[in-house]
Protein chains: 2
Amino acid sequence: MIKIGEMSKRTGIPVTTIRYYEKVGLLPAPGRLESGYRLYNRAHLERINFLKNTRKLGFSQQRIKALVSLLENPNRTSEKVKISVQSQLEEIREKRLLIQNIENQLKQIIAKCDGGEKSECPILETFHEET
Amino acid sequence: MIKIGEMSKRTGIPVTTIRYYEKVGLLPAPGRLESGYRLYNRAHLERINFLKNTRKLGFSQQRIKALVSLLENPNRTSEKVKISVQSQLEEIREKRLLIQNIENQLKQIIAKCDGGEKSECPILETFHEET
DNA sequence: GTTTGACTCTATACCTACTGTAGAGTCTAG
DNA sequence: CTAGACTCTACAGTAGGTATAGAGTCAAAC
Ligand SMILES: [Zn+2]
Ligand SMILES: [Zn+2]
Ligand SMILES: [Zn+2]
Ligand SMILES: [Zn+2]
C-alpha cells in the first residue's frame, strides 16, 4: 500500500494527474488513511500503467474508458479488444493523413517564395486568398 | 460595410468565432452601429480569410499573431515571412512523425492479436506493461 | 402601427486532457 | 518540538473554440 507521491514516482505520472484520473473515473477511488491520504494497491498501479500506455498511443479518455470496461468484464473477448484498437488505428491514420496534407501544402507554399528582402511575398498573397 | 451574419456567410466562419477572434486580438475591433451591431469593412474580410487560411494549415494563434504583425509592418521582408512559415512546417513535420510513430506501434500491437473469442488478449497485456 | 421572425448583443459555461496554485492539514527526521 | 516534505480540497488557467441564456434590434408582413 503506497501513498500518492510514491505512486507518482513509480509510474512517472504527476500527482495532480493521478488525482485527476480518479475524478474523471479512469482510476477507482482508493482507500484512505484516517488523515484522508490516499492509499493505493497493486491494482491501482496496474491501472495507472494501463492509462499511461494507452495515453501514449493517443487514445481519448472515452476510448480508454471503453477499453477499461472491457478489461473489467470477464466475458470480454480478444476480438472486441482488437476491434476497439483498430478503431483507434483508423482515427490516428486519418489524423496522420490530414497532417501530411498540411505538410505538403506548406512545402508548396514555401517553394513559391524566394525569401528576398522585398516586402512583397507570395506566401502572404496565398494566405489572404478567398477560399 | 456588412454585419456579422453577412461576414459569416461570406467567409464560412461562424458568427461566434468571428467575435472570438476579436476578443483574442486576431481581428481588429470593427465600428459599431448605434445599436451596438458590429460593422465590418473589406479589410476585416481580408483578415478573416487570412485567419481561415492559416488556421487550416494548423498555425497556432500565437504564430498567426506573429504573421499578422509582419503583414502589418511595412518594413517586413519576404524572407521573414518565409522563415516563419518554415518554422510552422518544421512543427507540423514533428507532429506527423510522432503520429506516424503511434500509428506503427498500433499496427504492431494489433498484429499480435488473433481476434478470437477468448478473454486473454495480448493487446491488453501490452497495455499494462510497466514502461 | 404593430407584431413576428431573424438577427445581434453580452456574459457565461462547456469541451479535452490536463497543469498549477492557494491555503490548510499531516507526517517524519533531527 | 519543530522544520520541511507531503497531502488534502477547491478553484483557475491552458488552446481554440462551441453553445447557451436572456435581452435588445431590425425589417417586412399584416
Ligand atoms: Zn486480442
Ligand atoms: Zn493581397
Ligand atoms: Zn516570401
Ligand atoms: Zn497482465
Side-chain angles (χ1 to χ4, degrees), chain A residues 1-27 29-41 44 47-48 50-68 88 91-92 94-95 98-99 102, chain B residues 1-27 29-41 44 47-48 50-68 88 91-92 94-95 98-99 102:
Chain A
M1 301 295 272
I2 57 176
K3 285 186 283 185
I4 199 166
E6 177 66 16
M7 180 62 100
S8 173
K9 261 180 219 150
R10 291 204 200 169
T11 59
I13 301 297
V15 166
T16 47
T17 304
I18 296 175
R19 287 196 282 250
Y20 168 74
Y21 284 156
E22 178 182 336
K23 195 174 160 195
V24 298
L26 285 172
L27 181 65
R32 301 267 184 152
L33 287 174
E34 286 187 12
S35 60
Y37 284 21
R38 290 169 177 83
L39 267 195
Y40 295 102
N41 60 28
H44 293 107
R47 172 65 61 86
I48 291 175
F50 188 91
L51 299 177
K52 188 180 166 189
N53 289 325
T54 48
R55 189 181 65 160
K56 263 195 215 156
L57 293 170
F59 283 77
S60 68
Q61 288 190 359
Q62 205 176 11
R63 222 183 265 287
I64 294 178
K65 276 186 191 169
L67 265 183
V68 162
Q88 172 66 7
E91 207 171 300
I92 287 289
E94 274 161 24
K95 262 193 199 159
L98 258 174
I99 209 162
I102 288 176
Chain B
M1 302 294 272
I2 57 176
K3 284 185 284 186
I4 199 167
E6 178 65 17
M7 181 62 99
S8 173
K9 261 180 219 152
R10 290 204 200 170
T11 58
I13 300 296
V15 166
T16 47
T17 304
I18 295 174
R19 286 195 283 249
Y20 168 74
Y21 285 155
E22 178 182 337
K23 194 174 159 196
V24 298
L26 286 171
L27 181 67
R32 301 266 186 152
L33 287 173
E34 287 187 11
S35 60
Y37 285 21
R38 289 168 179 82
L39 268 195
Y40 295 101
N41 60 28
H44 293 107
R47 172 65 59 86
I48 291 176
F50 189 90
L51 299 178
K52 188 179 166 190
N53 290 325
T54 48
R55 189 180 65 160
K56 263 195 216 159
L57 293 170
F59 283 77
S60 69
Q61 288 190 0
Q62 206 176 9
R63 220 184 266 287
I64 294 177
K65 276 184 192 168
L67 266 183
V68 163
Q88 172 67 7
E91 206 171 299
I92 287 288
E94 274 161 25
K95 263 192 197 160
L98 258 175
I99 208 160
I102 288 176

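Residue numbering restarts at 1 for every chain, and letters A, B, ... go by the order of the sequence lines.
The CD1 atom of A/Ile48 lies 10.0 Å from the OG1 atom of A/Thr17; values are rounded to the nearest 0.5 Å.
Side-chain atoms of B/Arg10 and B/Tyr40 include no donor-acceptor pair closer than 3.5 Å.
In this structure, OH of A/Tyr21 is placed 9 Å from P of C/dA17, rounded to the nearest angstrom. Here the P atom of nucleotide C/dC9 and the CE atom of B/Met7 are 12 Å apart, to the nearest Å. Between B/Ile4 atom CD1 and D/dC26 atom C1' there is a gap of 16 Å when expressed in whole angstrom units. Distance B/Glu22 CD to C/dA11 C1': 15 Å, rounded to the nearest Å. The separation between A/Lys56 atom NZ and C/dC18 atom P is 13 Å, rounded to whole Å. Rounded to an integer number of Å, the gap from B/Lys9 NZ to C/dT8 C1' is 13 Å. Taking atom CD of residue B/Gln62 and atom P of nucleotide D/dT14, one finds them 12 Å apart after rounding to whole Å. Whole-Å rounding puts the B/Lys23 NZ to D/dT18 P distance at 13 Å.
Listed nucleotides C/dT10, C/dT8, C/dA17 differ in distance to A/Ser60; the shortest reach to its side chain belongs to C/dA17. Comparing C/dT8, C/dA17, C/dT28 against the side chain of A/Lys3 picks out C/dT28 as the nearest. Here D/dG17 is the nucleotide among C/dT12, D/dG17, C/dC9 with the atom lying nearest to any side-chain atom of B/Gln61. In this structure, of C/dT10, C/dT8, C/dT26, it is C/dT26 that holds the atom nearest to the side chain of A/Ser35. The A/Tyr20 side chain lies nearest to C/dT19 when the options are C/dT28, D/dT18, C/dT19.
Within the nucleic acid shown, B/Phe59 has no heavy atom closer than 4.0 Å to any nucleic acid atom. At a threshold of 4.0 angstrom between heavy atoms, the contacts of A/Arg55 are confined to the sugar-phosphate backbone, with no base atom among them. Within the nucleic acid shown, B/Arg19 comes within 4.0 Å of at least one base atom, counting heavy atoms only.
For the pair B/Ser8 and B/Ile13, the tightest heavy-atom approach, listed with the atom from each and the gap, is OG-O, 2.8 Å.
Listed for the B/Gln88 side chain is a donor-acceptor partner under 3.5 Å among the backbone atoms of B/Leu57.
Comparing A/Leu39 and B/Gly58 by the nucleotide of DNA chain D whose heavy atom lies nearest to each, the residue mapping closer to the 5' end is A/Leu39.
At a cut-off of 3.5 angstrom, the base of C/dG25 holds at least one donor-acceptor pair with the side chain of A/Tyr37.
Screening B/Arg47, B/Gln61, B/Arg55 against B/Tyr21 for a side chain to side chain donor-acceptor pair (under 3.5 Å) leaves a single residue, B/Arg55.
Dashed line: the shortest gap from a side-chain N or O of B/Arg38 to OP1 or OP2 of D/dT25 is not under 4.0 Å.
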